[in-house]
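Okay, structure first, notes after.
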Amino acid sequence: MTNSSSSKERFYLTTPIYYVNARPHLGHAYSTIVCDAIARRKRALAIETWFLTGTDEHGQKIERSAELAGRTPHEFATAISAEFRGLWDRLGLSYDDFIRTTEERHKRGTQKLFATLRDKGYIYKGSYTGQYCVSDELYVDGPPGTPCPDCGRITETVSEENYFFKLSAFERKLLEFYEANPGFMGPESTRREVISFVRGGLKDLSVSRTSFSWGIPVPDDEKHVIYVWLDALANYITALGYGSEDDQKFKKFWPADMHLIGKEISRFHCVYWPAFLMAAGIPLPRSVRANGWLLFDQGKMSKSRGNIVRAETVQEVLGADALRYFLLREIPFGQDGSFSFDALVQRYNGDLANGYGNLVSRVVNMVHKYFGGVVPEAGPETAAEAALRESTTRTIAAFGPAFDELNFSEALKSLWALVAETDGYLTANAPWKRPADRPEAEHVALQARVLATAAEAIRIITALVYPILPESAAKVWQQLGQGEIADAADQAFLTDITWGGLKAGTKFGEPAPLFPRAEKDAIERMQNIEEQNNRSAVEAASGGEKSDKTVEKERAVSEVPEKHTAGAKAQPDSTGVIAGVEAPGCQTASVAPVPAAALAAVDPAVQAPAAAISAVPAATVPAEQASAPPQFITIDDFAKVELRVAQVLIAERIPKADKLLRLEVDLGYEKRQILAGIAQFYEPEKLIGRKIVIVANLAPRKMRGLESNGMLLAASLPDGAPVLAGFLEEVPLGARLK
Ligand code: MSP
């Protein structure tokens, strides 16, 4: 037995800390679940493990989200942070520490790091005038109007006095470090991207802000707050006590063995973070591993109301283990992967209910039925048992390295091949059936041999899969008469997982269902939960009360008079609004007062000001108006409108809104939901896959309880029918129209 204090090896593992501008969704749960699986395996291998997660609570983005919700940043951050932590607890994630960047310990440590960098001469005062993406909290090179290279949103121009970090001094050192430590970052795509970024030249980095105050004050210059990424990255050491009187954990666990991150934040972790640490004289983490993105393929979920899925939805219907298994089996780590309820249920039924679950239940039930629940003596091995034993040994040898290289999908694939082989072995030997010519005693010997052998294979499968299916493995462990699996893990049972551990005479626990087959309604149940979740999301984020701004926005939408919602054909109405394409409570705006067949923005929720632009219906522009002097806009006015190419992923009707379609579109860098008043002109199925043009920087609006994030562009025909704008040539998603 090995306990943690006598362990020679240590493993410090971190998730990214999550922004508290919105509630957790499956994408956040993904990284945390991956870390949890790794941490569980390490502990069960007698490696003293420290698993850190937490929330990233400062910065302009959070300040703005809080303001929108009508709450103070601290209240807002506290509420959302609690949601993250609560969810991690409900999912049974075994983190050792949860850090909030608003905690005193973090503030102190971050200030110490800043002061150290300044004392060592790597921070100087200057001023920054340039572009900033609030959404990514990222400084961006380029003139005003430059989109953020990460999310594509238009950056804001900031001009302020800042402290700068001499990042330029680390270009060569970083490249040398990457060269000397080829295992430092992965996957290969991340490594290549980071190296090419550094080779492209590093400029000094602004590491403080003065135009807002929601952050950690710069020591001795409190009008500055520390740049939120320096603040956030520091969590990995402040959580261990860096900068406090008690830095035992820092001494024990730093440097981190693995920072697990999403691929879009590799620059921060592989360039800035190592540079800060080099400058401060702190050892660098051993590795940074980037996961791909979880994409939400909800094409078949017609009742779903949002474009995200929450972990608790899956947990409620299929259990947390089903989600863990799906994420780790379905998505090769490091690559992007699609999530859909269909694929989830398919995997669940195929691999868990009919596969592992069914195997366990058959064997446990037969041991009870034929041997009173006591493991029989297997007796001499035949070729069939030897084959299964050898396969099991090979699987043990293959599973560990695959898992440890984060090839969870491959590891599980090999383990499930063993599940299938064990199943096949049972079926081939059919211990439940005695052929007429087989003597009773011989049959009992066969039953004993086959069930003891199959049960041993199950024991090993269960031990190996424990880090991925902790709840289910715990149940199976009990059923196999092995006691608490958590105790076994504490005693490092994975260090010695060899054939022959299940002893004859072991008393099995009671059989209990593991993965009840998901019936057809499982998908619908998950969709309904999602629908309800999304409906209450706004209230939840604002503490149950809608902010004035939200109420104002909703009122504005619902107060668009009914008469703006003329029928399918465009009709001039008394308010002089172009009714090219309309929907209940909504209207269409044309971009400018142009004649028929003008480019129209197909947005059902455009408010009065936009409507006023189009004072006369396109179909009936009187001659004198058509020839009226054009009202010019400047190029800067035009530059404010962010038109981009998007592809329709999902198009579906909205119940009780016969003019509205709910679309999910892909901009390449992000996916969005847009509501468009085109239901009477376009069959939803025909839109799927089509490349369209959207106004990407329109403020989000809510209609029918759904949020619309953008507006489609279409030409408006004389009868009001829209014709969606498109391209003859191939265009990349997200490309900007200028
Ligand atoms: N606060 C920063 C991280 C600071 S770490 C010092 C941040 N927060 S985040 O909330 O936006 O994202 C946290 C993590 O969640 C990132 O690794 C991100 O990739 C991950 N995910 C968020 N949505 C995701 C998917 N849809 N799919 C997979 N992971 C995604 O960035």
Side-chain angles (χ1 to χ4, degrees), residues 1-4 6-15 29-53 88 91-97 183 186 253 256-260 286-289 291 320-334 356 392-416 418-419 458-477 482 484-498 501:
M1 179 190 135
T2 319
N3 68 30
S4 54
S6 63
S7 156
K8 290 201 188 64
E9 282 191 84
R10 299 204 169 99
F11 198 83
Y12 176 36
L13 167 73
T14 66
T15 71
Y30 179 42
S31 322
T32 324
I33 284 173
V34 170
C35 282
D36 182 70
I38 298 172
R40 284 176 188 272
R41 181 171 156 83
K42 296 288 176 199
R43 292 187 195 113
L45 282 169
I47 296 169
E48 191 180 3
T49 302
W50 196 255
F51 165 20
L52 173 72
T53 186
W88 297 168
L91 291 174
L93 303 181
S94 62
Y95 59 87
D96 294 292
D97 193 5
F253 286 108
D257 293 275
M258 189 183 292
H259 291 316
L260 194 121
R286 296 201 172 90
S287 79
V288 178
R289 286 288 172 278
N291 61 251
D321 278 2
L323 176 62
R324 296 168 71 102
Y325 180 80
F326 178 83
L327 295 174
L328 294 180
R329 171 65 183 87
E330 188 82 8
I331 305 164
F333 185 83
Y356 175 57
T392 306
T393 307
R394 271 197 304 275
T395 306
I396 297 170
F399 183 90
F403 189 112
D404 297 337
E405 282 160 26
L406 312 186
N407 287 333
F408 309 110
S409 185
E410 281 305 309
L412 285 170
K413 207 162 144 190
S414 72
L415 197 55
W416 254 250
L418 183 60
V419 169
I458 291 174
R459 187 189 67 89
I460 290 174
I461 292 166
T462 304
L464 291 175
V465 85
Y466 156 77
I468 293 165
L469 300 179
E471 255 180 50
S472 318
K475 290 186 195 162
V476 178
W477 211 244
Q482 304 295 299
E484 294 290 336
I485 205 162
D487 293 346
D490 280 349
Q491 294 169 21
F493 71 149
L494 286 182
T495 53
D496 182 23
I497 188 81
T498 45

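Nothing fancy with the numbering, it's 1 onward along the sequence.
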Is the shortest distance from a Lys or Arg side-chain nitrogen in Asp96 or Arg43 to a carboxylate oxygen in the other one below 4.0 Å?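 Yes, charged N to carboxylate O under 4.0 Å.
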Asp257/Lys42 salt bridge by N-O under 4.0 Å criterion: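 Asp257 and Lys42: not salt-bridged.
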Hey, are the side chains of [X] and [Y] touching, using non-hydrogen atoms and a 4.5 Å cut-off?
{"X": "Leu412", "Y": "Val465", "result": "yes"}
{"X": "Leu406", "Y": "Val34", "result": "no"}
{"X": "Arg324", "Y": "Pro470", "result": "yes"}
{"X": "Asn291", "Y": "Phe333", "result": "yes"}
{"X": "Val476", "Y": "Tyr466", "result": "no"}
{"X": "Thr462", "Y": "Tyr356", "result": "yes"}
{"X": "Phe399", "Y": "Glu410", "result": "no"}
{"X": "Asp36", "Y": "Leu91", "result": "no"}

Under the side-chain contact (heavy atoms from CB on, under 4.5 Å) rule, what do Phe253 and Arg10 come out as? Steps first, then yes or no, please. CA-CA 7 Å; Phe253 286 108; Arg10 299 204 169 99; 4.0 Å; yes
Enter the distance from [X]:[atom1] to [Y]:[atom2] here, rounded to the nearest 0.5 Å.
{"X": "Leu13", "Y": "Leu52", "atom1": "CG", "atom2": "CG", "value": "9.0 Å"}
{"X": "Ile47", "Y": "Glu9", "atom1": "CD1", "atom2": "CD", "value": "4.5 Å"}
{"X": "Trp88", "Y": "Thr53", "atom1": "CH2", "atom2": "OG1", "value": "6.5 Å"}
{"X": "Ile497", "Y": "Ile396", "atom1": "CD1", "atom2": "CD1", "value": "6.0 Å"}
{"X": "Ile460", "Y": "Ile458", "atom1": "CD1", "atom2": "CD1", "value": "11.0 Å"}
{"X": "Leu328", "Y": "Tyr325", "atom1": "CG", "atom2": "OH", "value": "10.0 Å"}

Among residues at least two apart in sequence or on other chains, which ones pass salt bridge (Lys or Arg N to Asp or Glu O under 4.0 Å) with Arg329?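 Salt bridge (Lys or Arg N to Asp or Glu O under 4.0 Å) check on Arg329 returns nothing, list empty.
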Which atoms form the tightest heavy-atom contact between [X] and [Y], and what is the distance?
{"X": "Phe403", "Y": "Ala411", "answer": "N-CB, 3.9 Å"}
{"X": "Ala46", "Y": "Thr495", "answer": "CB-CG2, 4.0 Å"}
{"X": "Ser414", "Y": "Thr395", "answer": "O-CG2, 3.8 Å"}
{"X": "Gly400", "Y": "Arg41", "answer": "CA-NH2, 3.1 Å"}
{"X": "Ser31", "Y": "Thr15", "answer": "O-CG2, 4.3 Å"}

Is there a donor-acceptor pair closer than 3.5 Å between any side-chain N or O of Ser472 and the backbone N or O of Leu469?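 Between the backbone of Leu469 and the side chain of Ser472 there is no qualifying donor-acceptor contact (under 3.5 Å).
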Asp321 side chain vs Glu471 backbone, donor-acceptor pair below 3.5 Å: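 Looks like yes, one N/O pair under 3.5 Å.
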Working note: Phe11 + Met258, criterion side-chain contact (heavy atoms from CB on, under 4.5 Å); need CA distance, chi angles, decisive distance, verdict. CA-CA 8 Å; Phe11 198 83; Met258 189 183 292; 4.1 Å; yes
So Asp487 and Phe493, side-chain contact (heavy atoms from CB on, under 4.5 Å) or not? Walk me through it. CA-CA 9 Å; Asp487 293 346; Phe493 71 149; over 6 Å; no
Once you measure the plane-to-plane angle for Tyr95 and Phe51, does it fall in the parallel (<30°), tilted (30-60°) or perpendicular (>60°) bin?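 Tyr95 and Phe51: perpendicular rings.
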